[in-house]
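What follows is one structure encoded as structure tokens, with my remarks underneath.
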2 protein chains.
Amino acid sequence: MAKAQYDREEVIDKSLELFWRNGFSGSSMQQVVETTGLKPGSIYYSFGNKEALFKEALDHYARASLARIRTTLDSAPSVGEGLCLFLERMAGEAAKQEFRSCFLVKTQLELAADGGELHAFAAAKLREVEALFQSYLEREYDRETSRNRAAGIMLHIFGMRVYGYQPNSVDRMLRVLRESLPWLPWPDEP
Amino acid sequence: MAKAQYDREEVIDKSLELFWRNGFSGSSMQQVVETTGLKPGSIYYSFGNKEALFKEALDHYARASLARIRTTLDSAPSVGEGLCLFLERMAGEAAKQEFRSCFLVKTQLELAADGGELHAFAAAKLREVEALFQSYLEREYDRETSRNRAAGIMLHIFGMRVYGYQPNSVDRMLRVLRESLPWLPWPDEP
DNA sequence: CAACTTTTTGAATGTTTACTCAAAACGAGG
DNA sequence: CCTCGTTTTGAGTAAACATTCAAAAAGTTG
């Protein structure tokens, strides 16, 4: 077989699903073998080791997240309205049963102690997300204001990613968003 | 030996340190044996198993957290000023090198997938913390306002617990706090 | 279709995992 | 000081862990 028989993207997707759910230490390569259907040898042949596969999953996730932010903000009538939509949607998702927080945030917290490469990678990706928010905000505000407000958005995203596990959290989160980010053009309440 | 030879509190403290740093899956009972100095048999004799020991560590941590909140808010001239002090102190800690986030938050995120007893326990403790904030706020605001503002505080705590890993985050976090929680009596900036 | 390189296979590697248990050591009560 | 329930010991267990490898299989190329 001179060409791979499986779809590399699909394997990463399935691994991402597993790692996202159970974390790095909580996932075993045996589980990767089971969920991807590949044999151990194949996985190690094409990905190297557990850490490298995890990193590819992280990268995949980060790319998708950045793309989603861009899509939402680009298709909104204004940056502010796009951000409102994005945050409201996130609050709704965070309360769902199968909600799994953010893969980058989970990795950041899980691997903070060893300070290894994966932790640094996740931190860098989170910084990319923040920079993306800042660049959109700079269309409407000066650099310093944009920087601070991007930080505020990140902090609220982190907060919602954790707070979402509490029951009946959606309404409360939406209220907090309106009160804590008053500079955003929130739609009138029904 | 009719009475235990070691200090139970001390063993839990050392286990807490380990679990806090590395998480549940990331910590091994071998490491517990090494850091506590107890033999495997002794640990299992007095704590049952890994999960039970972890739960005791969680409980220990939660108790200390609640006590710290009470101490800070009771000794402040007003609830609002106490909260400002508490949040500012947390922002400062979150940026320190050896910062390890919040043990309850880490556990909440790590064990969300299996939805087991430990996850429920951590969630319940976080709810206790929120209820404590709410009860203090009710001294100055009505019940509904207090409930929402307590949620806002929790969300900001969660956010800071994650955002703290970014470099140079203290100043930015302090600014976000002032802008996002404008109802608190922040001291004038120098 | 043969020669060659890439990919797959799956059993086997040695290590680490959580946890157990029978026997020994011990302190306290009579 | 002897007896009895409690605690400690640490070697030992079986399962799970990440990873490897020589051999087989399969696509590509001339």
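We use all heavy atoms of the structure for the numbers below, so side chains are in, but hydrogens, waters and symmetry mates are not. Order of the sequence lines fixes the chain letters, A, B, ..., with proteins taken first and strands second; residue numbering starts at 1 for each chain.
- In terms of the salt bridge (Lys or Arg N to Asp or Glu O under 4.0 Å) criterion, Glu9(B) has no residue partners (sequence neighbours excluded).
- Listed by first and then second residue, the ring pair (Phe, Tyr, Trp, His ring centres under 6.0 Å) pairs that reach into residues 72-97 of chain B are Phe86(B)-Phe133(B), sequence neighbours excluded.
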Task: Dot-bracket encoding of pairs in DNA chain D, which uses [ ] for pseudoknotted crossings and | for another strand, Watson-Crick or G-U under 3.5 angstrom - done: |.|||||||||||||||.||||||||||||
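- Counting only residues at least two apart or in different chains, salt bridge (charged side-chain N to carboxylate O under 4.0 Å, His left out) contacts with residues 63-81 of chain B comprise Asp59(B)-Arg63(B), Arg68(B)-Glu93(B).
- Scored by the salt bridge (Lys or Arg N to Asp or Glu O under 4.0 Å) test, Glu17(B) finds Arg21(B), Arg100(B) as partners (sequence neighbours excluded).
- Near DNA chain C, defined here as any heavy-atom distance below 4.0 Å, the residues from residues 42-51 of chain B are Tyr44(B), Asn49(B), Lys50(B), listed numerically.
- Heavy-atom distances under 4.0 Å link DNA chain C to Ser27(B), Ser28(B), Met29(B), Gln30(B), Pro40(B), Gly41(B) of residues 20-41 of chain B, given in residue order.
- Take Glu140(A) and apply the salt bridge (Lys or Arg N to Asp or Glu O under 4.0 Å) test, not counting sequence neighbours, and it matches no residue.
- Taking atom OH of Tyr6(A) as the reference point, atom C1' of dA26(D) lies 14 Å away to the nearest angstrom.
- Applying the ring pair (Phe, Tyr, Trp, His ring centres under 6.0 Å) test to Tyr136(B) and every residue at least two apart in sequence or in another chain returns nothing.
- Under the salt bridge (Lys or Arg N to Asp or Glu O under 4.0 Å) criterion, Glu179(B) pairs with Arg149(A), not counting sequence neighbours.
- Residue pairs meeting the salt bridge (charged side-chain N to carboxylate O under 4.0 Å, His left out) criterion with at least one member in residues 25-48 of chain B, sequence neighbours excluded, do not occur.
- By the side-chain hydrogen bond (donor to acceptor under 3.5 Å, both in side chains) test, Lys55(B) is found to be paired with Glu117(B), residues two or more places apart in sequence or in another chain being considered.
- Remark: aromatic rings of Phe158(B) and Tyr163(B) are distant, center separation not under 6.0 Å.
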